[in-house]
Each structure stands twice: as structure tokens, then as C-alpha cells.
Amino acid sequence: MLRLSGLLLLLTQTWAGTAARAPTRALARVSRGHTVLSTAAAADDGGRAELRLRARLDDHSVRRRRHNAICALVHEWLRVELRAFALRGNTPIVALTQHLPGVDLSNIHAKMRRPDVFAIVPSREAGGEGLLLIVEVTVCREHALDARAEAKRLKYADLTIALAAALGEQPIRMEEPLVICLGEMGSVQPLLRAELVRRASASACSDPPGAVDSLLDDLVATVKYYSHDSTTTSGRGIAPRVSAGRRQRR
């Protein structure tokens with residue numbers, strides 16, 4: 001009888017311990033399940049966010065507004081920092097005849113090609129030649145920066161040669177096309193800063209490195225603004241403004 005009572009007591013204690021641990025194990029299972037579900041939900045949310053961003057970056061209207069905003073910044077930079085004149089944007093090359101009297105562009109095969117920006121930039125040298133500059137703007141995926149920049153340079157290679165020949169004895173020197181190539185998430189093509197400093201140093205710009213850094217800050221901020229998923233494609237929101245340093249130089 002005593003042994004039976006002891007056995008019953010042992011069984012009772014065992015059951016009590018098991019019952020006490022059951023909710024803990026159940027909670028642990030629920031917690032693990034919740035963690036798995038939370039992780040899956042987070043991954044799903046991340047995937048949807050990436051798809052929304054990809055759709056936004058591929059949206060033609062967004063790309064067009066981004067392109068125009070970048071061109072406007074470059075146009076203003078050339079005017080203010082490099083003291084450029086005869087500035088034109090998205091205009092056929094043949095329009096240069098208005099600013100280069102005596103230059104015949106009628107035989108240029110690509111006379112109706114429209115660079116994003118072209119300008120005549122005064123040379124730094126006193127009494128030196130002006131610089132005729134063609135600028136192309138492009139935004140692409142980060143892995144394609146170098147290839148896209150080279151493709152844009154080749155696009156205008158024949159036109160550069162033809163314009164140089166057409167200028168003849170004019171006090172204007174044809175420059176190689178300047179390609180401003182940016183990654184759609186804000187990267188800058190590796191050689192771009194050095195190229196911009198070189199162009200600015202050949203002009204009347206008073207502070208080439210500072211002017212270039214200011215421009216690149218504005219360009220990167222603009223690209224990131226248009227790649228931000230919370231910005232609607234209707235264009236609402238506050239776009240980046242021209243940097244304070246450039247406003248003061250006007």
C-alpha cells in the first residue's frame with residue numbers, strides 16, 4: 001500500500017511537471033512559428049518594395065523628369081561656374097550657326113542630332129579660344145556605368161570630328177563630348193569627377209574642384225530623389241535645389 005501511494009505520488013508529480021511545461025513548449029512553438037512568419041513577411045515586404053522601386057525606375061515619365069532635372073543642373077552649372085554662353089538644351093546642332101557666324105554646318109551628316117546640352121565656354125587663357133562643349137546626360141544601372149559612358153562618347157565621335165573641321169579658323173576649339181553618367185541609385189561613374197575638374201580648369205571657373213564637388217552633390221541628390229520609392233510618379237514633393245554655393249555665385 002505504501003509503495004502504491006509512493007507510485008501515485010510520483011505519477012502525480014510527473015504529470016504536474018509535464019502540464020506545467022506544456023504551455024512553455026507550446027509558447028516556444030508559437031514563438032518559433034511567429035518568427036518564421038515574421039521573417040517571411042519581412043522578406044515578402046522587401047520583395048514588394050524592390051518591385052515597386054524597379055517599376056518606378058523603369059517608368060518613362062519618372063526617367064524623363066529625372067533626365068530633365070539633371071540637364072537643368074548641368075545647364076546652370078555651365079552658365080554660372082564655367083561662364084558659358086550660347087547654351088542650348090535638346091536643340092539640333094544646326095542651331096549653332098546662330099552663334100558661329102561664317103561656320104557652315106550644312107554638310108554635317110548628323111546636323112539634326114540633339115545633344116542634351118551644348119555650350120561655348122570661355123577659355124581660362126587671356127585671349128584664348130572658346131571651347132565648344134557637347135554634354136550628354138545618362139542614368140543607368142550601377143554595373144553598367146563604364147559601358148554606358150563609352151557608348152555615349154562614341155555616339156558623338158563622328159559629329160565631334162565634323163564640327164572641328166567646320167570650325168576651321170574660328171577662335172573656337174571643339175572639345176571631346178562630356179558624358180555625365182550616373183547610377184540610378186546615386187553612384188558616379190569613376191572617371192567623371194576628374195573629367196569635370198579638367199573641363200572646369202580649362203575654363204574661366206574660379207574654383208574648379210569646389211565647383212565640381214558642388215555639382216556632383218546636386219546630381220547625386222537629384223538621382224536619389226527620383227529613386228525614392230515614397231515619391232509618387234505624379235511628381236509631388238520637393239525636388240533638390242541648386243546648392244547654396246552656386247546660388248551665391250550668380
Side-chain angles (χ1 to χ4, degrees), residues 67-68 70-138 149-150 152-181 189 191-216 218-219 242-243 245-250:
H67 182 270
N68 290 344
I70 293 171
C71 287
L73 286 171
V74 172
H75 187 285
E76 184 71 357
W77 184 76
L78 290 169
R79 184 184 72 82
V80 175
E81 300 291 359
L82 273 58
R83 312 291 192 263
F85 60 95
L87 270 162
R88 292 296 189 92
N90 193 33
T91 304
I93 284 292
V94 72
L96 272 171
T97 54
Q98 301 175 26
H99 308 287
L100 300 172
V103 175
D104 182 13
L105 301 179
S106 61
N107 293 324
I108 291 182
H109 175 68
K111 62 180 179 293
M112 292 308 293
R113 199 176 297 170
R114 296 171 176 262
D116 290 323
V117 182
F118 65 76
I120 299 176
V121 178
S123 172
R124 179 177 294 275
E125 301 174 4
E129 298 174 317
L131 310 172
L132 177 55
L133 186 60
I134 288 176
V135 183
E136 271 289 287
V137 168
T138 185
E150 182 62 20
K152 286 289 186 178
R153 274 189 287 270
L154 291 174
K155 175 181 176 182
Y156 285 100
D158 60 331
L159 183 59
T160 302
I161 295 170
L163 281 171
L167 288 171
E169 300 300 319
Q170 291 281 332
I172 302 290
R173 185 173 79 246
M174 184 68 215
E175 287 279 288
E176 290 294 315
L178 172 61
V179 179
I180 295 180
C181 186
Q189 198 267 335
L191 300 178
L192 178 57
R193 185 183 185 279
E195 184 64 14
L196 286 168
V197 170
R198 185 180 74 80
R199 303 302 181 98
S201 298
S203 75
C205 180
S206 59
D207 177 19
V212 168
D213 288 340
S214 176
L215 172 65
L216 289 176
D218 287 342
L219 293 177
V242 177
S243 64
R246 207 146 63 246
R247 287 198 298 270
Q248 292 170 0
R249 293 185 179 93
R250 289 181 184 176

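On a predicted model such as this, the values are computed, not experimentally measured, just so you know.
Gln189 has its side chain out of reach of Glu195: every pair of non-hydrogen atoms, C-beta onward, lies at least 4.5 Å apart. The closest side-chain heavy-atom distance from Ile120 to Leu100 is below 4.5 Å. With contacts defined as side-chain heavy-atom distances shorter than 4.5 Å, the pair Leu196/Leu178 qualifies. Between Val135 and Asp116 the shortest side-chain heavy-atom distance does not fall below 4.5 Å. Residues Glu81 and Asp207 are not in side-chain contact: their nearest non-hydrogen atoms beyond the backbone lie 4.5 Å or more apart.
Under the side-chain contact (heavy atoms from CB on, under 4.5 Å) criterion, Ala164 pairs with Met174, sequence neighbours left out. Considering only residues two or more places apart in sequence or on other chains, Pro115 meets the side-chain contact (heavy atoms from CB on, under 4.5 Å) condition with Ile93, Phe118, Ile134, Glu136, Tyr156.
Taken from CG in Leu219 to SG in Cys181, the straight-line distance is 11.5 Å, to the nearest 0.5 Å. A distance of 10.0 Å separates CD1 in Ile70 from CG in Leu215, rounded to the nearest 0.5 Å. Rounded to the nearest 0.5 Å, atoms CG (Leu167) and CG (Asp104) are 11.5 Å apart.
Here the closest non-hydrogen pair linking His75 and Leu87 is NE2-CB, 3.4 Å. For the residue pair Thr160 and Glu175, the shortest heavy atom distance occurs at CG2-O, 3.8 Å. In terms of heavy-atom proximity, Val117 sits nearest to Cys71 at CG2-O, 4.3 Å. Residues Ala119 and Leu78 approach most closely at CB-CD1, 4.4 Å, considering heavy atoms.
Between the side chain of Thr91 and the backbone N or O of Gly89, at least one donor-acceptor pair lies under 3.5 Å. Between the side chain of Ser214 and the backbone N or O of Gly210 there is no donor-acceptor pair closer than 3.5 Å. Side-chain N or O atoms of Trp77 include none that pairs as donor or acceptor with a backbone N or O of Leu216 at under 3.5 Å. Remark: the backbone N or O of Ser201 is paired with a side-chain donor or acceptor of Arg124 at under 3.5 angstrom. Using a distance-only test at 3.5 Å, with no hydrogens or angles considered, no donor-acceptor pair links the side chain of Arg83 to the main chain of Cys205.
Residue Glu176 places its CD atom among 12 or fewer non-hydrogen atoms of other residues, nucleotides or ligands, all under 6.0 Å distant.
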